[in-house]
Amino acid sequence: MTTSRTKATPRPSAGALRLIEASTPRPTSVDITDYVRQMTAHCPYLAPSLQRDCTTWTVYRADGDADAVEAELFYAGGQAAERLRSLVRGPYGGLRCDNVVVLGQVPGVRHRELMAWPHWALKNLYGPVGIMFGKFYAGEEEPAGESGRIPAAPVSFIPVRAAVRRRDPRFLAATPDLAAALAVADDDGRDVFENVPHDWKEIRTWAKRFLPPVKPSNSSPSGSAVPSPRDS
């Protein structure tokens, strides 16, 4: 049985993300129909996942300052990952994906900055148990290698999905240790938070130890392991 300390840890940032719509395969608060249809051309697992209602969307609206929203995105991603861990070993487990959507604005801070540290910390926590995290930003196209460019997302979101061990390590070339861990990942039911501090700022400091060397490029694809976090 998996456990989630994200449920029990006191959070002074609670309320900075307001739940708009709980996990559902057919959200009504955001229009993602055309986008998802276009994305099936870039992901061979998406169409069968959609057919079985294995792709879901959990929609939040930012309602706090940047640090608090960051913290709550981290906890929301952790909740999604824990739900997923309980489903991955069941029917169609490899097709499971929950997308954590963030609506609303924090003055002076882009969604790209708000999502960077939560995504990075979660990726390093859950990669060893076979859960993969991505990030997409509203209105921004992403490169997709030989298949051209991924269409611009209508909303910003963090996809939380079952890892594809044969394919996903290639997205982690900048972090070979994480790529190697993901390639042999097996969920043994561990508490991924066992050796991680409670406070979000401490979690973010903990996550810095996994940063790869800084590259001269200022941008990276959504599947890249290299975050571009806001300055503390």
Side-chain angles (χ1 to χ4, degrees), residues 2-9 11 13-14 16-17 19 23 56-60 62 66-88 96-102 111-137 156-165 168-169 171-172 174-175 177-183 185-187 189-212 220-230 232:
T2 59
T3 59
S4 174
R5 214 183 61 195
T6 61
K7 296 178 181 178
T9 303
R11 306 201 310 268
S13 56
L17 274 186
L19 179 65
S23 181
T56 57
W57 303 79
T58 303
V59 184
Y60 297 90
D67 285 337
V69 171
E70 265 192 5
E72 288 306 299
L73 278 172
F74 171 80
Y75 290 113
Q79 294 293 335
E82 292 298 331
R83 289 194 299 269
L84 200 64
R85 291 177 77 182
S86 68
L87 296 172
V88 162
R96 299 285 179 180
C97 177
D98 190 22
N99 299 288
V100 177
V101 178
V102 57
H111 285 179
R112 177 179 288 273
E113 283 78 32
L114 289 173
M115 294 163 62
W117 275 117
H119 165 267
W120 177 247
L122 289 162
K123 179 176 286 190
N124 280 280
L125 276 170
Y126 283 96
V129 295
I131 303 296
M132 184 72 170
F133 287 79
K135 55 188 187 303
F136 294 89
Y137 314 110
S156 298
F157 66 99
I158 297 175
V160 187
R161 61 174 175 80
V164 182
R165 291 160 182 79
D168 284 340
F171 294 124
L172 306 174
T175 52
D177 290 344
L178 181 56
L182 190 70
D186 181 40
D187 193 347
R190 77 188 72 170
D191 177 4
V192 300
F193 293 90
E194 182 177 3
N195 298 310
V196 178
H198 290 248
D199 179 76
W200 165 241
K201 289 184 179 180
E202 293 178 351
I203 292 169
R204 196 168 62 179
T205 298
W206 167 86
K208 288 180 181 179
R209 72 182 68 181
F210 303 107
L211 288 172
S220 59
S222 62
S224 170
V226 183
S228 52
R230 248 179 354 104
S232 300

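Quick note: numbers below take in every heavy atom, side chains included, and nothing from hydrogens, waters or symmetry partners. In this chain, residues are counted from 1 in sequence order.
- The side chain to side chain contact (heavy atoms under 4.5 Å, CB included) test with E70 singles out one residue from R204, M115, K201, and that residue is R204.
- Atom-to-atom distance recorded for D98:CG and T58:OG1 is 3.5 Å, nearest 0.5 angstrom.
- Counting all heavy atoms, side chain and backbone alike, I203 lies closest to A121 at CG2-CB, 4.2 Å.
- Note: L17 CG to F74 CZ = 13.0 Å, rounded to the nearest 0.5 Å.
- The NE2 atom of H111 lies 13.0 Å from the CZ atom of F157; values are rounded to the nearest 0.5 Å.
- Side-chain contact between D187 and I131: absent, with no pair of heavy atoms (C-beta onward) separated by less than 4.5 Å.
- When every heavy atom of A185 is checked against every heavy atom of G130, the shortest pair comes out as CB-N, 3.4 Å.
- In this structure, N124 CG and H119 NE2 are separated by 9.5 Å, a value rounded to the nearest 0.5 Å.
- Partners of Y60 under the ring-ring contact (aromatic ring centres under 6.0 Å, His included) rule, at least two apart in sequence or in another chain, do not exist in this structure.
- Annotation for V88 and A162: closest pair CG2-CB, 4.0 Å, computed over non-hydrogen atoms.
- Judged by distance alone, the side chain of N99 and the main-chain N or O of T56 form a donor-acceptor pair under 3.5 Å.
- Not one N or O on the side chain of W57 forms a donor-acceptor pair closer than 3.5 Å with the backbone of V101.
- Shortest non-hydrogen contact noted between S13 and E72 is OG-OE2, 2.7 Å.
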### Query
Checking side-chain contact (heavy atoms from CB on, under 4.5 Å) for the pair N195/W206: CA distance, chi angles, key distance, verdict?
CA-CA 10 Å; N195 298 310; W206 167 86; over 6 Å; no
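- Closest non-hydrogen pair, F133 versus K123, comes out as O-CE, 3.4 Å.
- In terms of heavy atoms, R85 sits closest to G189 at NH2-C, 3.7 Å.
- Considering only heavy atoms from C-beta on, L211 comes within 4.5 Å of W120 through its side chain.
- In this structure, the separation between CH2 on W117 and CG on L122 is 12.5 Å, given to the nearest 0.5 Å.
- For the pair Y126 and E82, the minimum side-chain heavy-atom distance is below 4.5 Å.
- Atom CG of L125 sits about 9.5 Å away from atom CG of D191, to the nearest 0.5 Å.
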#### Entry: Intermediate values then yes/no, side-chain contact (heavy atoms from CB on, under 4.5 Å), L73 and V102
CA-CA 8 Å; L73 278 172; V102 57; 4.2 Å; yes
